[in-house]
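Down below is the structure, laid out as structure tokens.
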Amino acid sequence: MDLHDKEIVPGEILPVVIIGNGPSGICLSYLLSGYTPYLSPEASHPNPLLHSKLGEHPHLSLLEQDLEYLCEGLEGRSSNPVAVLFDSLLLPDSDFGLEYTSPLEWRYEPERAIPHLVLGKGQPGGAWHAMEGSMLTLSLANWMELPGLKLKDWMRDKRRNVRNDRATPAEIASYYQHYVSQMSLEQNFACGTTVTSVTRQPGSQEGAPPCWRVTGLQHREGEVLGDGSVPEEVPFSLLAHNVVLATGTHDIPARLGVEGESLPFISHSFWELEAAISRGELDQSSDPVLVVGAGLTAADAVLAAHHLNTPIYHAFRRSVTDPGLIFNQLPKLLYPEYHKIHQMMTQQQYQPSPPPQDHAQNPPSSPSSLTPSSSTTSSSPSSYPGYLSFPRHRVVAFRPDQKCVLESDSGQQTVVQVSKVLVLIGAHPNLSFLDDNGRPLGLNPKETITCRRNPIEVDPFTNHVVAADGPGMYAMGPLVGENFVRFLKGGALAIASDLAKRQGEGWGKEEGALPADRLMDRWVDRHVTTQTGAEVCVLNS
């Protein structure tokens, strides 16, 4: 349901505002809407200790239990203990390729619902909609589904001849959008909104409590005013007891910061490669495409170019055996194409010819040149023609003649001739609505917030932002280092649990805060008298 003519009048304080409508925000909305997980009386968990702990209070929902106690002793592929717990309960022993039935049962208990609003720039699904049209598929293995709607079952309803664990990004985006509709969450979503500021609002002399002010712009289409103009964006302002940062980290592509990075043959988006392919600009006779980076997006670019038999140079900073390399963390059976990329990176490494004896230290001013015909790789019976990896190399400079200077850890430089460069080294979140782009909230307050290197620091069992200006600010998903949907659901559990407990202790009952049932009635009332003033919020999508 679109939010038409919904108004929040001056003085009303929303219980929760979620910034970001990707899978993180959707999952949290599900939990805040009254969908509550319990241990099923008939179920068992393959971990006997966890099952025993859950059985100690079978009448309590998971939201009411001591998450820290339940997390003790659990191990998994996430550093977030609640993420490991929730993943273990939703997908028991999935790391071993097993499909145990989840011991959780979901009950709809509307009396537990906490009114909330989810703000997003586009349709529910977030960055997944930007991936639509991709020629590649991603592994499913149920890891990208949300509670209450099996992804494979939904896929079978959508098309025939479904492969066991495959789907396109467009189908995943469609699944998330359908999920919001299927679970009747639409009334909580305001799409087409861009948040421009989140600040701490002090209490007033009239007795209004401290809270968060969220301001921004909402895109509105199709409304013609008396003078015939069609406004594109309308400002809004909200007051909220709690704000959840769930924006993801795909807004701003990371840059190398080297000479020549703005030259026209250099791109920072995988989709620009797809556009070049669709225009017929790349084939097996092209100069090599240089892919910089060693994440999954870089791997997708290598796969796309390799599919066309286009020559590929692949440069990345890590060693192929580095445990931090994502390919060394993924199960081979579930991600066969990424395992193939790792084989290519390992088997087809660039091996420069030894420098002359009197030039053992090759100065950076005299780099060696490399062409496809002069490439040297490690010999292997399963080699991949046209591909060459440069482990432990960094880009020093790009030149206008479409040459790139690479430098190894030892300082040896190599010049490569390319047709196109794809710099795919991750992305930064757009946190421009926070002071100093959110840097003070990170593990290192002086660095930019990133998923892997500098996530927002949160309490591990509540996801409360440690360095926030006041109580009631949470963060989840890639902002706190969870880049897989499989694990970001744990952040939703931690936040929903903390909000439920705080509400039970009397949170939100200060003067100026509307009772939850009346506030929800206000949101769904389409006939509210029009208000005026700077704090009136009109949300249309």
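Contacts classified as ring-ring contact (aromatic ring centres under 6.0 Å, His included) and involving residues 444-479 (residues at least two apart or in different chains) are given here: H464-Y474.
Counting heavy atoms from C-beta outward, N463 and V244 have side chains that stay 4.5 Å or more apart. Between L32 and I18 there is a side-chain heavy-atom pair separated by less than 4.5 Å. Contact annotation: the side chain of E274 never approaches that of D300 to less than 4.5 Å [non-hydrogen atoms, C-beta and beyond]. At a threshold of 4.5 Å between non-hydrogen side-chain atoms, the residues L441 and E457 do not count as touching. Between L217 and T193, every side-chain heavy-atom pair lies at or beyond the 4.5 Å cut-off. Between F236 and L119, the closest side-chain pair of non-hydrogen atoms falls below 4.5 Å. Proximity of W212 to H241: side-chain heavy atoms (C-beta onward) are nowhere separated by under 4.5 Å. Annotation: side chain of F398 is in contact with side chain of L256 (closest heavy-atom distance under 4.5 Å).
A side-chain donor-acceptor contact under 3.5 Å links H116 to the backbone of I114. In terms of modelled atom types and a separation under 3.5 Å, the side chain of Q503 and the main chain of L499 share no donor-acceptor contact. Between the Q218 side chain and the C191 main chain, a donor and an acceptor come within less than 3.5 Å of each other. For S78 (side chain) and A83 (main-chain N/O), no donor-acceptor pair under 3.5 Å exists by modelled atom type. A donor-acceptor pair under 3.5 Å links the side-chain atoms of E145 to the main chain of L151, judged by distance alone. Judged by distance alone, the side chain of Y35 and the main-chain N or O of M183 form a donor-acceptor pair under 3.5 Å. N242 places a side-chain N or O within donor-acceptor distance of the main-chain N or O of P15, the cut-off being under 3.5 Å. At least one donor-acceptor pair under 3.5 Å links the side chain of N454 to the backbone N or O of L443.
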| Working for side-chain hydrogen bond (donor to acceptor under 3.5 Å, both in side chains), residues K420 and S267 | CA-CA 8 Å; K420 190 173 185 64; S267 302; 3.1 Å; yes
| message | Show, in sequence, the C-alpha distance, side-chain angles and deciding distance for C404 and V421, and conclude whether the side-chain contact (heavy atoms from CB on, under 4.5 Å) test is met. | response | CA-CA 9 Å; C404 307; V421 176; 3.7 Å; yes
| Could you go step by step and tell me if V17 and L14 meet the side-chain contact (heavy atoms from CB on, under 4.5 Å) rule? | CA-CA 7 Å; V17 169; L14 310 184; 3.7 Å; yes
| query | Does the side-chain contact (heavy atoms from CB on, under 4.5 Å) test come out yes or no for V292 and L422, once each step is laid out? | reply | CA-CA 6 Å; V292 182; L422 290 162; over 6 Å; no
| query | Run the side-chain contact (heavy atoms from CB on, under 4.5 Å) check on E272 and S269 step by step: do they pass? | reply | CA-CA 6 Å; E272 294 182 46; S269 168; 3.6 Å; yes
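Residue N444 holds its CG atom at 7.5 Å from NZ of K446, rounded to the nearest 0.5 Å. Note: Y179 OH to L146 CG = 5.0 Å, rounded to the nearest 0.5 Å. From F265, atom CZ reaches atom CZ of R399 across 10.5 Å, with rounding to the nearest 0.5 Å. One distance of note links CG of L239 with CD of E12; it measures 9.5 Å at 0.5 Å rounding. Residue S286 holds its OG atom at 9.0 Å from CG of L308, rounded to the nearest 0.5 Å. Once rounded to the nearest 0.5 Å, the distance linking CG of L290 with CD1 of I266 reads 9.0 Å.
In summary, R453 and E447 do not engage in a salt bridge, as defined by a charged side-chain N under 4.0 Å from a carboxylate O.
Residues V396 and V258 share a closest heavy-atom pair of O-CB, 3.6 Å. Heavy atoms only, all atoms of each residue included: P460 and V82 are closest at O-CG2, 3.5 Å. Taking each heavy atom of S432 and N437 in turn, the nearest pair found is CA-OD1, 3.3 Å. Across all their heavy atoms, I326 and G295 have their closest contact at CG2-CA, 4.2 Å. Of all the heavy atoms in L282 and S419, the pair that sits closest is CD2-OG, 3.7 Å. W106 approaches P37 most closely through the heavy-atom pair CZ3-CD, 3.5 Å.
The side chain to side chain contact (heavy atoms under 4.5 Å, CB included) test applied to T36 returns Y38, S61, L63, E109, R112, not counting sequence neighbours. For A254, the side chain to side chain contact (heavy atoms under 4.5 Å, CB included) test picks out I425, H428, with sequence neighbours left out. Residues meeting the salt bridge (Lys or Arg N to Asp or Glu O under 4.0 Å) test with D436, sequence neighbours left out: R439. Evaluation of the side chain to side chain contact (heavy atoms under 4.5 Å, CB included) rule for T297 yields F270, L424 as partners, not counting sequence neighbours. Among residues two or more places apart in sequence or in another chain, the ring-ring contact (aromatic ring centres under 6.0 Å, His included) test is passed with F86 by none.
For W154 and Y175, the gap between ring centers is short of 6.0 Å. Taking the six-membered ring where the residue is Trp, the centroids of F316 and H314 are separated by under 6.0 Å.
No hydrogens or angles considered: nothing links the side chains of S497 and R502 as a donor-acceptor pair under 3.5 Å. Side chains of S197 and R213: a donor-acceptor N/O pair is absent below 3.5 angstrom, by distance only.
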